[in-house]
Amino acid sequence: MSTPILEVKGLKKYFDIRGGVFGKKVGDVKAVDDVSFTVNRGEILGLVGESGCGKSTTGKALLRLVEPTDGEVIFEDENILDLSKEQMRRLRKDMQIVFQDPYASLNPRHTVEKIISEPLITHGVESSKEQKERVKELLEVVGLEADHASRYPHQFSGGQRQRIGIARALANNPKLIVCDEPVSALDVSVQSQILNLMEELRDKYHLTYIFIAHDLSVVKHISDRVGVMYLGGLVELTTKDQLYESPKHPYTQALLSAVPVADPDYEVDRVILEGDVPSPSNPPSGCPFHTRCPMAMDVCKEVKPEFREIEDQHFVACHLYE
Amino acid sequence: MLSYTVRRLLILIPVLLGMTIITFSIVHLIPGNPAQVILGESATDQQIQNLEETMGINEPYVKQYWIYLTDLLQGDLGTSLKTKSEVVSEIGPKLAATAELTFFAMLFAIIVGVNAGIVSAWKQNSWFDILAMVVALIGVSMPVFWLALMEKWFFAQELGWLPSGGRESSRDPIEPITHFFVIDSILHGDMERLVTTLKHLVLPSVALGTIPMAIIARMTRSSMLEVMKSDYIRTIRAKGSGQIIVIYKHALRNATIPVLTVIGLQTGVLLGGAILTETIFSWPGIGRYVYDAITFRDYPVIQSGILVIAFIFVMINLIVDLLYAYIDPRIKY
Amino acid sequence: MVKTEHKPELSNEQEPLNQNDKQTKAISPWKDAFKQLRRNRLAITGFIIIFIFLMMGILAPFLTDFTYKEQMLTDRLTPPNSQYWLGTDDLGRDIFTRIAYGARISLAVGFFAIVGALVFGSLLGIIAGYFGKWVDMLISRIFDILLAFPSILLAIAVVAILGSSLQNALIAISIINIPIFGRLVRSKVISLREEEYILAAKAQGLKHGRIIFHHILPNSLAPIIVQATLGFGTAILEAAALGFLGLGASEPDPEWGKMLSDSQAYIQLAPWTLIFPGVSIMLVVLGFNLIGDGLRDALDPRMKN
Amino acid sequence: MDNIVLELKDLHTHFFTDNGEIPAVDGVSFDLKKGEVVGVVGESGSGKSVTSLSVMQLIPNPPGKIVGGEILFKGENLANASEKRMRKIRGNEISMIFQEPMTSLDPVFTIGNQLIEAIRFHQKISKKQARQRAIHMLELVGIPRADEIVDEYPHQLSGGMRQRVMIAMSMSLNPEVLIADEPTTALDVTIQAQILDLMRNLNQEQGTSILLITHDLGVVSEMCDRVVVMYSGQVVEEGTVREIIKDPQHPYTKGLIRSLPNLYKKEQKLYSIPGTVMKPSTEYVGCRFASRCEFAFDRCFNENPDLYELNHQRKSRCFLHDEEKEVGEFVDTNTRS
């Protein structure tokens with residue numbers, strides 16, 4: 001259970017900011033800044049954070065859908081950042097992604113059949129009979145009907161489209177799937193259908209997920225371990241029970257307390273953070289959270305806290321625990 | 001804003017250089033011996049040789065282009081083959097004539113086009129909207145020179161309401177000061193002449209302005225309709241603001257942004273159309289100057305005329321871009 | 001009565017499509033657009049106009065007893081009558097015949113000029129948009145330069161360089177339209193590159209070629225088709241303008257712009273010599289504009305949901 | 001009953017599209033009392049937003065139109081009020097904030113300009129006074145450097161700040177009713193907490209009644225006194241927030257609450273309601289939820305149940321309430337695994 005399938009070390013993704021008279025580089029947006037974690041075979045690792053924290057960019061950088069600026073991504077003992085474009089292209093069979101917007105991620109001019117069979121063609125399933133069989137099988141696996149294959153994406157509801165996206169990701173029996181906010185665009189009653197489906201598929205095909213979301217309850221529900229991101233970096237990473245029962249980082253605490261609970265009896269000791277998330281193009285010195293942190297100390301303004309293990313399996317980047 | 005202006009100006013440099021390469025080609029790349037082509041069949045060897053020397057035709061192209069460019073920078077636009085005088089000295093008054101015509105044509109196009117577009121959007125699917133859009137559709141489909149011919153025939157020749165050509169009555173030429181006759185008549189304090197001048201402007205401006213007017217009306221309408229659907233218009237209505245404020249203050253200002261681009265581009269169409277319209281209305285502007293040059297194969301004049309018009313067009317687009325940044329605060333550099 | 005047995009709480013239970021699920025057949029976006037186009041009365045009018053002129057051009061020899069260069073010198077400047085439906089010009093040529101033959105020229109010039117511009121423009125646009133960097137810089141600057149000229153002026157410049165003939169006018173019109181298609185395709189490719197389904201295709205491990213030909217190209221087709229249709233109209237206007245300036249077709253070709261130019265002097269004496277060729281240009285351009293507008297509505301990039 | 005400020009009676013708002021008539025709001029009734037916060041909950045397509053826009057007469061017309069029912073604002077029926085009368089009410093007596101703070105402010109005018117315009121439309125005060133008032137309102141909603149922000153453009157502010165500006169704008173004339181249409185949906189959770197806190201304070205300090213439209217039961221639970229649950233254009237359940245969340249009566253509400261992942265409860269597997277929301281239709285006769293309901297029986301497919309009044313202001317639209325026995329059985333299912 002605890003053999004790592006993916007190890008991420010010091011992952012960075014900076015986007016250039018261009019400006020001035022000649023449009024030359026004047027700075028960069030540190031979308032992902034030094035992120036490290038491991039994912040074990042068969043587990044679901046959740047990544048949560050607010051918009052702009054870099055969780056989605058991290059997910060895409062892992063698959064080299066955006067080229068990382070620096071770092072290592074070791075997938076099954078191989079640093080995929082060293083692979084040539086062609087080698088990487090072949091490896092995509094094993095590493096898949098499910099996108100947030102189930103409509104935008106399906107080509108509107110292709111039938112479901114074509115959408116799902118495309119990865120099959122690309123990775124060597126040549127006979128069209130085999131493709132048809134597989135498409136049919138995949139549709140059934142995700143809870144659609146075989147005769148949906150000839151339809152176009154715009155003829156489906158949001159939940160059904162997300163099922164198509166999942167079927168496509170499953171086409172070549174991948175080992176790892178990055179789920180980039182797969183249920184954020186869906187209504188509550190459909191969201192639970194998709195969450196349950198994803199759990200079932202994980203068990204059935206021994207999949208590993210990296211599950212990215214901004215909804216803490218969703219992440220809690222599905223994940224085994226959870227990482228919390230803020231302004232491009234991980235601030236806390238531990239098992240889900242640890243994280244939700246005794247969060248260590250002040251940001252995690254504030255984030256958890258901010259979630260409205262559907263229970264009128266539940267009295268939350270709410271920490272309301274002041275101000276907005278600073279811009280990743282101009283992050284604060286020291287700890288990126290010190291500008292909003294209710295417990296900020298002098299050292300926080302100067303020194304960036306290290307992301308380290310303070311208890312077994314519990315990583316935190318905060319000066320309070322040094 | 002300053003940095004943006006400077007950057008826009010810098011981007012212009014390669015564009016202006018590229019333009020000169022194209023106009024350079026007009027004289028220097030015509031197949032055969034350019035001097036021969038320019039002077040025609042009847043030219044003597046001596047004439048050809050002289051021209052070859054002044055054009056530097058035996059030099060490599062790069063050097064010829066360099067000479068052309070340095071001449072341009074010194075304000076030398078070449079010499080007309082027909083009149084043997086410097087193009088630069090001939091072109092000034094003609095430019096003023098064209099500018100005056102274009103200005104009034106654009107004024108007509110913008111006033112009528114923008115207002116028709118607003119009313120159409122406001123009263124969507126009303127009889128006015130349908131009529132205006134049918135007229136606009138016909139307007140964009142019309143060849144400008146045909147419209148000019150028809151106007152001239154109907155209003156000048158059949159009905160005799162307006163003069164059929166020229167900038168002024170030939171019996172009584174104006175003493176030019178700025179070469180903008182409307183301004184000159186005012187400067188002379190001669191109201192009668194002002195009326196005459198304006199009368200001469202009506203037909204060519206309307207002919208020239210009709211197509212841009214139609215395009216502006218269509219663009220204004222669709223842009224207004226788009227803006228009217230936006231969230232912020234809903235907010236403004238939720239505040240209780242009246243229809244007039246919603247349309248003329250908020251919707252119009254937002255809708256102006258795409259319309260401005262169209263206006264900038266249409267100025268180009270107008271300047272191009274001037275060649276045809278000025279010919280038909282004997283308007284002594286730069287368009288007619290180029291047209292005459294085409295007939296006489298006066299290559300240096302064609303070359304400089306095209307360059308000058310394109311230069312003006314580029315400058316107008318620059319102004320439009322800067323206006324853009326002024327109207328839309330989201331554009332920051 | 002309460003149903004006692006409850007359905008199993010299976011998550012991957014079929015979500016029913018809406019009420020009319022059973023009737024829902026696969027609706028291809030292209031077919032959908034076609035259906036919408038057929039309902040658009042203005043677009044249909046446009047198709048009819050173009051069809052009539054196309055037929056006039058093709059069947060010209062069968063429609064009249066005259067040829068376009070035949071001069072009936074005794075019948076010069078005859079007003080429209082039963083023999084000369086649209087009258088005759090100053091050389092006694094039948095105007096209807098010349099307009100019918102002229103339809104061939106105008107439609108052909110419009111078609112070939114735009115197809116040429118479309119091919120070269122799209123190619124350059126795809127290269128610039130897909131590969132980006134300095135290739136994009138170079139191509140985009142060339143487009144900027146070409147677009148810095150008012151189009152008719154650039155056409156005049158090109159014809160001035162190449163010499164005036166119908167063929168060169170066609171080339172000139174093609175050249176001035178290249179940057180229009182080029183820019184359109186480039187911006188479409190760039191915006192598509194950011195689309196999530198292109199990213200999804202990349203995530204599947206699809207090769208460049210397949211991404212371009214199966215994903216980017218089909219999805220950029222709609223605006224290209226619209227622009228091309230509107231472009232036929234503009235190209236015909238531009239050809240007529242060049243003809244009017246004497247930079248296009250030469251004697252005795254019945255090019256509509258040239259017909260107008262030739263008859264200018266007879267405007268008061270014989271207005272029909274000017275009215276009919278002009279109306280023909282206008283109708284054909286209007287036809288293409290109507291079709292273009294209809295196509296734009298039908299192929300709206302924001303797909304109906 | 002006398003302190004009811006807003007009452008909807010059998011409101012029908014239909015959209016007339018190429019594909020036929022869509023009854024987006026199909027007979028909705030509920031009321032809002034002075035100083036009360038009422039939540040209207042529903043998924044997309046339930047008609048909750050259309051209901052709120054109908055109150056303001058801001059339904060894009062065409063295609064939308066109020067075709068029946070009454071909207072009583074302090075006794076005056078707004079459903080057939082003139083545009084002129086509505087302009088007096090909008091922003092002044094009933095104001096509204098929207099979901100998308102990023103697009104809800106005019107991008108080409110300064111914040112101040114938009115605030116001043118709203119104030120001066122309803123009150124004849126000088127520009128200078130209006131500006132002072134605008135700055136004061138910005139301070140009130142917790143905007144730092146209000147005297148500078150007032151001259152900035154919307155694009156210079158973050159989403160949370162823009163939503164504060166929207167709230168400042170809607171509160172600047174001290175309206176009796178604030179309609180908030182998914183005010184925090186587009187915001188991050190920490191920013192959402194700030195905005196909800198602000199709205200709660202306004203409600204308590206100014207006594208403004210709030211109609212809160214949302215899909216988030218968590219937000220409802222935090223903010224509201226009473227809740228109206230909508231499904232496919234109709235109200236399916238109504239009650240106090242405690243009743244709705246602790247003891248839901250309608251199968252849809254039950255399913256909705258059970259399918260919610262909860263931060264503080266351990267659950268093995270989420271419940272999920274099969275299928276998707278039925279689009280409202282004029283032709284359909286049965287219960288709108290029947291096709292997804294595990295308790296549905298023949299009658300549900302042939303007849304649309306009425307809202308059963310179970311208690312004072314406690315209503316549910318389900319045939320199961322017809323017989324006591326069935327309700328009992330029904331409640332039982334709650335504990336079923």
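Throughout, protein chains are lettered first and strands after them, A, B, ... in sequence-line order, and every chain is numbered starting at 1.
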At a heavy-atom separation under 4.5 Å, does [X] approach chain D through its side chain, its backbone, both, or neither?
{"X": "L216(A)", "value": "both"}
{"X": "I272(A)", "value": "side chain"}
{"X": "I222(A)", "value": "neither"}

### Message
Using the rule given for salt bridge (charged side-chain N to carboxylate O under 4.0 Å, His left out), can you reason through K246(D) versus D263(A), listing the C-alpha separation, both sets of side-chain angles and the distance that settles it, and then say yes or no?
### Response
CA-CA 8 Å; K246(D) 290 286 180 185; D263(A) 186 344; 3.1 Å; yes
Under a 4.5 Å cut-off applied to non-hydrogen side-chain atoms, are [X] and [Y] in contact?
{"X": "S217(A)", "Y": "L260(D)", "value": "no"}
{"X": "R242(D)", "Y": "D265(A)", "value": "yes"}
{"X": "V189(D)", "Y": "H214(A)", "value": "no"}
{"X": "E222(D)", "Y": "R270(A)", "value": "yes"}

For [X], is it the side chain, the backbone, both or neither that has a heavy atom under 4.5 Å from a heavy atom of chain A?
{"X": "V220(D)", "result": "neither"}
{"X": "Q192(D)", "result": "side chain"}
{"X": "I245(D)", "result": "side chain"}

### Task
Mind ranking V277(A), V219(A), L273(A) by heavy-atom pairs under 4.5 Å with chain D and telling me who comes out on top?
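Option with the top pair count is L273(A).
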### Query
Is it the case that more than 12 heavy atoms not belonging to E274(A) sit under 6.0 Å from its CD atom?
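Not more than 12 within 6.0 Å, no.
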### Task
Starting at OG of S272(D), measure out to CD of Q191(A) and round the result to the nearest 0.5 Å.
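One finds 11.0 Å between OG of S272(D) and CD of Q191(A).
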### Message
Checking R292(D) against S189(A): is there a side-chain donor and acceptor pair closer than 3.5 Å?
### Response
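There is such a pair (donor and acceptor under 3.5 Å, judged by atom type) between the side chains of S189(A) and R292(D).
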### Exercise: do E50(A) and T190(D) side chains pair donor with acceptor under 3.5 Å
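T190(D) and E50(A) do have a side-chain donor-acceptor pair below 3.5 Å.
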### Query
Is there a donor-acceptor contact under 3.5 Å from the side chain of D187(A) to the main chain of S44(D)?
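Side chain of D187(A) to backbone of S44(D), a donor-acceptor pair under 3.5 Å: yes, one is there.
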### Shortest non-hydrogen separation from S192(A) to L270(D) and the atoms involved
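So the two residues come closest at CB-CD1, 3.9 Å.
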#### Entry: Interface residue of largest heavy-atom contact number with chain A, from V241(D), I191(D), L187(D), under 4.5 Å
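Most pairs with chain A among the choices: I191(D).
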### Message
For S259(D) and V188(A): C-alpha separation, side-chain torsions, deciding distance, then whether side-chain contact (heavy atoms from CB on, under 4.5 Å) applies.
### Response
CA-CA 7 Å; S259(D) 60; V188(A) 180; 4.0 Å; yes
